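Computed from a prediction, not measured in an experiment: that's the story for all the values here. Every chain is numbered from 1, with letters handed out A, B, ... down the list of sequences.
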There are 2 protein chains.
Amino acid sequence: MNLPPLVQSFVLHFGEMGSRWGINRTVGQIYALLYVSPQPLNADDIVDALSVSRSNVSMGLRELQAWNLVLPRHIPDDRRDHFTTPDDVWQILRTLADERKKREVDPTLSVLRELLMQKPGSEEEKHAQARISEMHGLIERLTTWYEDVRRLETERLAALLALGARVTKLLDAKDKVVGLVRGRKEG
Amino acid sequence: MNLPPLVQSFVLHFGEMGSRWGINRTVGQIYALLYVSPQPLNADDIVDALSVSRSNVSMGLRELQAWNLVLPRHIPDDRRDHFTTPDDVWQILRTLADERKKREVDPTLSVLRELLMQKPGSEEEKHAQARISEMHGLIERLTTWYEDVRRLETERLAALLALGARVTKLLDAKDKVVGLVRGRKEG
DNA sequence: CCGTCATTTCAGAATTTTCTGAAATCTATG
DNA sequence: CATAGATTTCAGAAAATTCTGAAATGACGG
């Protein structure tokens with residue numbers, strides 16, 4: 001591996017982190033490298049930069065493309081494929097969340113739903129179903145919320161985040177206003 | 001493994017999902033089992049239920065306790081340790097988020113910050129720093145937001161989720177009101 | 001279609017992670 | 001403080017994953 005020290009640290013950290021998620025070291029490193037690279041890289045560039053085998057890079061790129069985290073980018077007059085990461089970090093966040101949801105949350109939800117359909121054969125199963133139902137309810141709320149806010153333009157999403165817990169003040173204010181209006185109408 | 005079918009499916013699913021996160025199969029299964037169990041279980045109960053070795057259970061329980069996802073619960077007149085999961089799913093969510101943040105996000109933030117302190121030695125490093133800075137900014141926003149809303153009582157958090165993207169309407173309304181008031185004062 | 005360069009596939013090697021059984025340690029009790 | 005039950009530790013076995021090199025496949029220009 002022969003990279004500027006700053007890039008190397010970044011790449012190595014992503015490699016380590018990758019393994020804490022389901023992602024393997026090389027895949028993490030490839031992503032990190034493409035992310036900070038000023039121009040698209042081809043597979044051999046990556047081989048040189050990371051000192052891993054050509055085939056390993058090929059598989060890693062395939063996985064990253066399946067996640068929509070890396071895109072092929074054609075370079076004129078060059079037969080080799082080149083790759084980049086999308087550069088809007090907010091969009092990257094959405095992609096990452098979408099993909100994790102698709103792979104991890106959705107299948108879980110569907111298993112839980114299925115289990116909730118079954119008729120419990122014992123007190124123990126009845127209790128299990130009650131617990132599963134709580135979990136299902138929570139996950140469903142979270143995903144509904146996510147699907148809702150993921151559509152917001154970056155601008156508004158950022159505003160929302162910046163507001164943080166203070167939204168609740170806004171909520172209180174709204175309730176107050178609604179209460180006032182109701183009171184006036186009904187009183 | 002000899003469990004009611006419903007419980008067995010749930011446990012097996014968690015085992016599989018576990019491996020997609022950083023968590024290993026047995027740990028996932030132990031958690032799932034305790035989660036749906038009507039009463040606290042001791043290590044041997046778990047050995048019987050999951051057909052894994054005693055030592056594996058011991059290590060799994062240790063890991064789950066380190067994550068604060070499983071608690072020891074003493075049963076009177078029984079020398080053996082028993083274990084449960086906290087039962088408020090909202091609290092479980094907070095715990096899970098806290099722990100993942102602590103293990104994955106915080107170390108990353110600190111690496112990124114460190115890299116941003118360095119003086120870039122080339123154009124390439126300068127570009128890398130710009131990219132790292134974008135990522136750092138995003139993660140910092142997200143964690144600040146998280147630290148903010150994690151303190152909300154369940155009630156309010158649920159209300160917030162239920163509102164979803166409609167909060168932005170509220171935001172617009174607020175801006176309007178503020179605008180009106182300003183207008184009146186200044187006009 | 002042929003030759004060249006690029007990419008993918010895949011069987012097995014290398015590595016890492018997980019799991020086990022035996023031994024060590026810990027803990028309460030008589 | 002000896003003993004029996006409970007738990008943990010840990011070295012190595014077993015399993016799973018990652019990685020590689022060689023061969024196959026694909027793609028393009030002539």
Colleague: Contact between Leu93(B) and Leu142(A) at the side-chain level, heavy atoms closer than 4.5 Å - yes or no?
Modeller: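 The answer is yes; the side chains approach within 4.5 Å.
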
Colleague: To the nearest Å, give me how far apart CD1 (Ile46(B)) and P (dT8(D)) are.
Modeller: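 For the pair Ile46(B) CD1 and dT8(D) P, the rounded distance is 11 Å.
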
Colleague: Starting at atom CD1 of Ile30(A), determine the distance to atom C1' of dC19(D), rounded to an integer number of angstrom.
Modeller: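 So the two atoms are 12 Å apart, to the nearest Å.
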
Colleague: Separation of His74(B) atom NE2 from dT7(D) atom P, in whole Å?
Modeller: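 In whole Å, dT7(D) P and His74(B) NE2 are 11 Å from each other.
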
Colleague: I need the CG-P distance between Leu64(B) and dT8(D), as an integer number of Å.
Modeller: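 Rounded to the whole Å, the gap is 13 Å.
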
Colleague: Would you name the heavy atoms of Ile92(B) and Leu69(B) that are closest together and state the gap between them?
Modeller: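 Heavy-atom minimum between the residues: CG2-CD2, 4.3 Å.
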
Colleague: Produce a footprint string for nucleotides 13-30 of chain C: one letter per nucleotide, 5' end first; B if the base is under 4.0 Å from any protein heavy atom, S if only the sugar-phosphate is, - if neither.
Modeller: -----SSBB-----B---

Colleague: In whole angstrom, what separates Asp77(B)'s CG from dA6(D)'s P?
Modeller: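 Result: 14 Å.
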
Colleague: Rounded to the nearest angstrom, tell me the gap between atom CD in Glu63(B) and atom P in dT8(D).
Modeller: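 So the CD-P distance, Glu63(B) to dT8(D), works out to 14 Å.
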
Colleague: Hey, does Leu41(B) have a side-chain heavy atom less than 4.5 Å from the side chain of His82(B)?
Modeller: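 A side-chain contact is absent here, since even the closest heavy-atom pair is not under 4.5 Å.
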
Colleague: Between C1' on dC28(D) and CZ on Arg80(A), what's the gap in Å once rounded to a whole number?
Modeller: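 It is 15 Å, rounded to the nearest whole Å.
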
Colleague: Please tell me whether Arg94(A) and Thr154(A) have a donor and an acceptor in their side chains that are separated by less than 3.5 angstrom.
Modeller: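 Yes, side-chain donor-acceptor contact under 3.5 Å.
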
Colleague: Have a look at Asp44(A) and say if it touches a base, only the backbone sugar-phosphate, or nothing, with a 4.0 Å heavy-atom cut-off.
Modeller: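 If one applies the 4.0 Å heavy-atom cut-off, Asp44(A) turns out to touch nothing in the nucleic acid.
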
Colleague: Please tell me which of the listed nucleotides, dT7(D), dT8(D), dT7(C), lies nearest to the side chain of Ser58(B)?
Modeller: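 Nearest listed nucleotide: dT8(D).
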
Colleague: Using atom CG of Asp78(A) as one end and atom P of dC28(D) as the other, report the distance to the nearest whole Å.
Modeller: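 After rounding, the gap between these two atoms is 13 Å.
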
Colleague: Can you tell whether the side chains of Glu147(A) and Lys101(A) come within less than 4.0 Å, N to carboxylate O?
Modeller: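 Salt bridge present between Glu147(A) and Lys101(A).
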
Colleague: Could you tell me whether Arg20(A) and Glu16(A) make a salt bridge, using a distance below 4.0 angstrom between a side-chain N and a carboxylate O?
Modeller: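 Salt bridge: no.
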
